[in-house]
Number of protein chains: 2
Amino acid sequence: MENIKMPESETLNELSDFFKIMGDGTRLKLLWALETGELCVGDLAALLNMTKSAVSHQLKVLKIAKLVRNRKCGKNVYYALNDHHVKLILEKALEHICE
Amino acid sequence: MENIKMPESETLNELSDFFKIMGDGTRLKLLWALETGELCVGDLAALLNMTKSAVSHQLKVLKIAKLVRNRKCGKNVYYALNDHHVKLILEKALEHICE
DNA sequence: ATTATAATTGAACAACTGTTCAATTGTCAA
DNA sequence: TTGACAATTGAACAGTTGTTCAATTATAAT
């Protein structure tokens with residue numbers, strides 16, 4: 001057991017930060033919804049039955065994590081997935097759950 | 001956007017619970033270390049430079065989540081990975097980080 | 001029996017997280 | 001410019017989380 005070498009602590013932090021972000025039902029729902037295409041904040045709020053404020057706060061978290069990007073169009077702001085890996089990870093995790 | 005159907009909320013909870021567990025540096029290190037084979041609590045504590053108590057608490061979380069199993073042998077308790085999917089998910093997540 | 005080592009437990013504490021609320025910014029239409 | 005709508009922001013709050021500490025259980029050796 002002496003010679004086990006841990007990965008770079010920076011890598012490890014990035015990994016756990018990533019999982020931390022995925023570890024929230026609201027954010028998972030947002031990502032799931034955006035899988036189908038871009039949606040504006042109001043639509044997402046209606047879909048999840050939450051306030052626009054709460055949704056906006058979480059979208060900000062997802063954006064900082066570079067999991068989504070946004071585009072302004074008139075009064076609306078449209079959000080879309082920004083990473084093709086997320087779908088793969090969700091699928092792997094689902095496999096894990098469903099056994 | 002009207003007809004987006006969310007996954008079963010139970011499935012979603014299981015998913016976010018799983019990610020929540022992965023979203024902690026200590027637990028990630030424990031899983032990483034156990035990738036190489038089974039280790040007892042004291043070894044893990046020394047490896048991560050933490051108290052046995054803290055490690056034991058986190059191992060309990062991992063055990064309840066069925067990510068590890070344990071086996072008693074004399075005064076020691078040996079822990080081992082209990083799920084072959086975890087490694088795959090870690091790899092996918094690493095791919096995501098490293099780009 | 002006694003002592004020493006390994007591990008677990010539960011309470012307590014500080015740190016962090018997600019939602020709410022009220023206020024604010026930005027954009028369009030009248 | 002005024003009013004209405006979309007979205008963002010920051011402070012505040014309750015709820016959750018991870019580690020520490022002290023006490024306890026369990027096993028092995030003397």
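Chain A is the first sequence line, chain B the second, and so forth, proteins listed ahead of strands; every chain is numbered from 1. Quick note: numbers below take in every heavy atom, side chains included, and nothing from hydrogens, waters or symmetry partners.
For the pair B/R71 (side chain) and B/Y78 (backbone), a donor-acceptor distance under 3.5 Å is absent. A donor-acceptor distance shorter than 3.5 angstrom exists from the side chain of A/R27 to the backbone of A/I21, with no hydrogens or angles considered.
Hydrophobic cluster membership is shared by B/L47 and B/V77, with clusters built from Ile, Leu, Val, Met, Phe, Trp and Tyr side chains linked at under 4.5 angstrom.
A 4.5 Å side-chain heavy-atom check between B/L67 and B/L81 finds every atom pair outside the cut-off. Considering only heavy atoms from C-beta on, A/H85 comes within 4.5 Å of B/E95 through its side chain.
In this structure, B/L62 atom CG and D/dG18 atom P are separated by 10 Å, rounded to whole Å.
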| request: In sequence, state the C-alpha distance, the side-chain angles, and the governing distance for B/W32 and B/L48, and then conclude on side-chain contact (heavy atoms from CB on, under 4.5 Å). | output: CA-CA 11 Å; B/W32 189 280; B/L48 307 203; over 6 Å; no
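Here the CG atom belonging to B/N82 is positioned 11.0 Å from the CG atom belonging to B/L31, to the nearest 0.5 angstrom. The line from CG of A/N70 to CG of A/L39 is 13.0 Å long, rounded to the nearest 0.5 Å.
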Reading nucleotides 2-8 of chain D from 5' to 3' and marking B where a protein heavy atom lies under 4.0 Å of the base, S where only the sugar-phosphate is that close, and - otherwise, the string is ---BSSB
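End-to-end axis angle for the helix from C/dA1-D/dT30 to C/dA30-D/dT1, using five pairs per end and rounding to 10°, comes out at 20°.
Of all non-hydrogen atoms in B/E38 and B/A80, the two that sit nearest each other are CB-CB, 3.9 Å.
The aromatic rings of B/H96 and A/F18 are tilted relative to each other, their planes meeting at an angle between 30° and 60°.
With DNA chain C read from its 5' end, the first of the two nearest nucleotides for B/A54 and A/D24 is the one closest to B/A54.
Between B/Q58 and the phosphate of D/dT17, there is no side-chain N or O to OP1/OP2 separation shorter than 4.0 Å.
From the 5' end on, the contacts that DNA chain C makes with chain A at under 4.0 Å to a non-hydrogen atom open and close at C/dG18 to C/dC28.
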